[in-house]
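One structure is given below, encoded as structure tokens.
Numbering of ligands and ligand atoms starts at 1, following listing order. Only a predicted model underlies this, so the values are computations on that prediction, with no experimental measurement involved.
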Amino acid sequence: MSCLIKASGLSKNFGDKQALAGVDFEIHSGAPVALVGPNGAGKTTLFSILCGYIKPSAGQVSVFGVTPGKSETFGRLAALPQDAQLDPRFSVLHQLKFYARLQGFSRKESQYEAERTIELVGMSASLHQKPDALSHGMRKRVTIAQALIGSPEVVMLDEATAGLDPKHAREVRELVASLSGETTFILSSHDLSELERLCGQVLYLEQGRLKEHHTLSAQEQFRYFTLRMEQQEPELIEVLADRDYVLEVVNSQDKEYQIKVAGNSAGLLPDIEILTLCHQKNWRYRQLVNGKTLENQLF
Ligand SMILES: Nc1ncnc2c1ncn2[C@@H]1O[C@H](COP(=O)(O)OP(=O)(O)OP(=O)(O)O)[C@@H](O)[C@H]1O
């Protein structure tokens, strides 16, 4: 895993507004990285600095070992703004070819890049259509294809699923998962839960400060289960805590319980045990998730 991006003491002020306040992190190639935080946390500011659109007020930042915006980063890092638009007058093919030409591809190469990237996002059938003929989710896929032109090593997607219905949002997440390999994605979102299964690393920003820099490890996840119920079950904690394999049960939020299970519970299948118990006690559950939810890991 090579270090793609490194920031230390990174700050950005807009007048007397501090959008980023001394942020330190490293991003390595591999699984997608989540950049999460509430409105105004500094996510877009950070993306803009990494793209070289704006300069930091203080601190250091490097992308592929050089200052963002330097020619060495061209074609290696792509960013898709939240409000990226397609031109309604031109076909998908025309627009993708245009962006490929802007990146320096020849006419012939641009045709190839347009066809290659639209295939990657599963939209080959729409190559000759104009954006108005496409659904919101399909248009989002086309803009992601645009970000993939030239096979960049890092692709930053700002709120990639904002405004999409759950089905299309899931499709975009699946797309990112399927393309993660050669490309390292950095995804910003307000929604922790939508990124938790996708990302290997989380940067949590709040008021310009990096509150958490968390790497999700499989081993760490293994010992936790999250049980979501139809309703609060008053005796659940006591009954579960009484089992040999259970180390701790907490009511992590309304109708949700986080169960810590002994890592050495060899031969036991704690998830089956927990569900069997729910059945015996007539507790109605919604979902049993292997691991802590990202929200519970961060807070
Ligand atoms: N060009 C600018 N001029 C002045 N203030 C700015 C500018 N850009 C951002 N800010 C301020 O910096 C802070 C961080 O904004 P930023 O857009 O980076 O947050 P964000 O996390 O992307 O928010 P959102 O989730 O709402 O898009 C906010 O308080 C914002 O008002």
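- In this structure, atom 30 (C) of ligand 1 has its sub-4.0 angstrom surroundings free of protein heavy atoms.
- E113 and R116 are joined by a salt bridge, as a carboxylate oxygen and a charged side-chain nitrogen come within less than 4.0 angstrom of each other.
- In this model, no donor atom of one side chain and acceptor atom of the other lie less than 3.5 Å apart for Q287 and Y285.
- Of the candidates E233, E256, Q232, N251 forms a side-chain hydrogen bond (donor to acceptor under 3.5 Å, both in side chains) with just one, namely Q232.
- Between D87 and R89 a salt bridge is recorded (basic side-chain N to carboxylate O distance below 4.0 Å).
- The protein non-hydrogen atom at the shortest distance from atom 26 (O) of ligand 1 is N39 ND2, 2.7 Å.
- In this structure, the protein non-hydrogen atom closest to atom 12 (O) of ligand 1 is A19 CB, 3.3 Å.
- The distance criterion of under 3.5 Å between nitrogen or oxygen atoms is met by A41 with respect to ligand 1.
- Heavy atoms of K17 found under 4.0 angstrom from ligand 1 belong exclusively to the side chain.
- Between G40 and ligand 1, at least one pair of N/O atoms sits closer than 3.5 Å.
- Using a 4.0 Å cutoff on heavy atoms, G42 counts as a contact of ligand 1.
- Looking only at protein heavy atoms, the nearest one to atom 15 (O) of ligand 1 is T45 OG1, 3.8 Å.
- The closest side-chain donor-acceptor pair between S126 and Q129 falls under 3.5 angstrom.
- With respect to atom 9 (C) of ligand 1, the closest heavy atom belonging to the protein is F14 CE1, 3.5 Å.
- Side chain of R286 to backbone of E230: no donor-acceptor contact under 3.5 angstrom is found.
- Nearest heavy atoms, A19 versus T45: CB-OG1, 3.8 Å.
- Side chain to side chain, D24 and S8 fail the donor-acceptor criterion of an N or O pair below 3.5 Å.
- Residue-ligand proximity: P38 is placed with a non-hydrogen atom under 4.0 Å from ligand 1.
- Which of L35, I54, L20, T44 comes nearest to atom 27 (O) of ligand 1 through a heavy atom is settled by distance: it is T44.
- Residue Q82 has no N or O atom closer than 3.5 Å to an N or O atom of ligand 1.
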